[in-house]
Amino acid sequence: MRVLGVESSCDETGVALVDADASGVPRLLAHALHSQIDMHQAYGGVVPELASRDHIRRVLPLAQQVLSQAGCALGSVDVIAYTRGPGLAGALLVGSGVACALGAALGKPVLGVHHLEGHLLSPFLASDPPEFPFVALLVSGGHTQLMRVNDVGQYELLGETIDDAAGEAFDKSAKMMGLGYPGGPALARLAEFGDASTFELPRPLLHNGTLDFSFAGLKTAVRTQLLKLGSNVCEQDKAHLAASTQQAIVEVLVKKSMAALKLTGLKRLVVAGGVGANARLREMLNAECAKRQCRVHYPELALCTDNGAMIALAAAMRLQRGIASASRDYAFDVRPRWDLAAA
Ligand code: KG4
Ligand code: ZN
């Protein structure tokens, strides 16, 4: 079964083709991605209308690129999967519209996929895929959740952020430091030149006994430090602040992940979403998991941020298990807000 996946929920257009047998982990045949970062950079963040228009321009050429890379004809695709939500409504409509139009033209069924399920399952495309069950730490620009994952579609929420997401904390702090958009990778790069113990920043909800997170206070603390440093803050102090901010975010993510492993008694942690690319997070998780004889799995670096491969994969894994069926009803809708537990 060949599944073509289309991702267009935010500022990346992704298309990919996976091949899946009746069982076993689906294989990635090809994937292509266009990031809109350069376009949005001038505005300091994603401009939804520009994002939608750019998805329209990119999605078909990317699909052609993927098919030619995989050496497959369009007619050999069995199912067309697309991100149904959550995300920007206009951006989602482009991917869903193109996927359903392709399906209708080819007479092939379509399947809408939950974006976060894509992230969550993306480590299955790595060379050393995880096994169920596991604890998942989902850390993206819009979400920070800890889940117990028993199988595809069986997600039990253990804790989540009560305000900003971890990626948002990176992005907002970076913006205040004048590091541009997207801030996460820029802040992480600057942090390499700083000392994380320079500034004392809050670690909210660290010891409150729950697996919930809160990052809004951190943003305020960073702003306060920047005000203290004044307008001509030197590069070295900025690097120290970047390192201290990253450490505060990472420490909370790591401690809560370890608490989730303890609570569930599971020995396997899966990390997914854009912040999963953060080197300091990976370093600390590796060390803490090793201490506890736990395994930790990440997606390939290229598949940490949004991509079409995870959408094709999630669709294929659902179809393999018979927990979703692709449909020839091409009257699509999108779900800009969509709880994963309800997917
Ligand atoms: O999963 P993703 O591509 O999009 C959403 O579904 O939200 O995640 C994007 C987020 C952004 O907040 C970005 O700043 C963050 O992931 N990010 C990072 C790094 N790479 C991406 N944060 C920290 N360190 C990184 N290396
Ligand atoms: Zn995402």
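Every value quoted in this text rests on a predicted model; they were computed, and no experiment measured them. Counting starts at 1 for both ligands and their atoms, following the listed order.
- For ligand 1, the atoms sitting less than 4.0 Å from at least one non-hydrogen atom of Gly141 are 5 (C), 7 (O), 8 (O), 9 (C), 10 (C), 12 (O), numbered in the order shown with element in parentheses.
- Ring geometry for His40 against Tyr181 counts as perpendicular: the plane angle is over 60°, on a 0 to 90° scale with 30° as the lower cut.
- No donor-acceptor pair closer than 3.5 Å links the side chain of Tyr155 to the backbone N or O of Met147.
- Shown in contact with Gly167 at under 4.0 Å from a heavy atom are these atoms of ligand 1, numbered in order with element: 12 (O).
- Under 4.0 Å from ligand 1, heavy atoms of Thr305 appear from its side chain as well as its backbone.
- With a 4.0 Å heavy-atom cut-off, ligand 1 is reached by the side chain of His115 but not by its N, CA, C or O.
- Side chain of Lys262 to backbone of Ser257: no donor-acceptor contact under 3.5 angstrom is found.
- With a cut-off of 2.8 Å, the Zn ion (ligand 2) has an N, O or S atom of His119 in range.
- The N, O or S atom of Asp306 lying closest to the Zn ion (ligand 2) is OD1.
- Ligand 1 places these atoms under 4.0 Å from at least one heavy atom of Gly142: 7 (O).
- Of the options Ser35, Ser9, Ser140, a side-chain contact (heavy atoms from CB on, under 4.5 Å) to Asp306 is made by Ser9 and by none of the others.
- At least one donor-acceptor pair closer than 3.5 Å links the side chain of Asn307 to the backbone N or O of Thr305.
- Of the candidates Leu116, Val250, Ile249, Val275, the one placing a heavy atom closest to atom 15 (C) of ligand 1 is Val275.
- Note on ring orientation: taking the six-membered ring where Trp is involved, the planes of His115 and His119 are perpendicular (angle over 60°, cut-offs 30° and 60°).
- Residue His119 has at least one heavy-atom neighbour below 4.0 Å for each of these atoms of ligand 1: 1 (O), 6 (O).
- In this structure, Arg223 contributes its side chain and Lys219 its backbone to no donor-acceptor pair below 3.5 Å.
- In this structure, atom 22 (N) of ligand 1 lies nearest to the protein heavy atom Gly184 CA, 3.5 Å.
- Side chain of Gln69 to main chain of Val66: no donor-acceptor pair is present (N/O by atom type, distance under 3.5 Å, no hydrogens or angles).
- Across Asn278, Asp171, Asp306, Leu138, heavy-atom proximity to atom 4 (O) of ligand 1 is greatest for Asp306.
- The shortest contact between atom 21 (C) of ligand 1 and any protein heavy atom is with Gly274 O, 3.3 Å.
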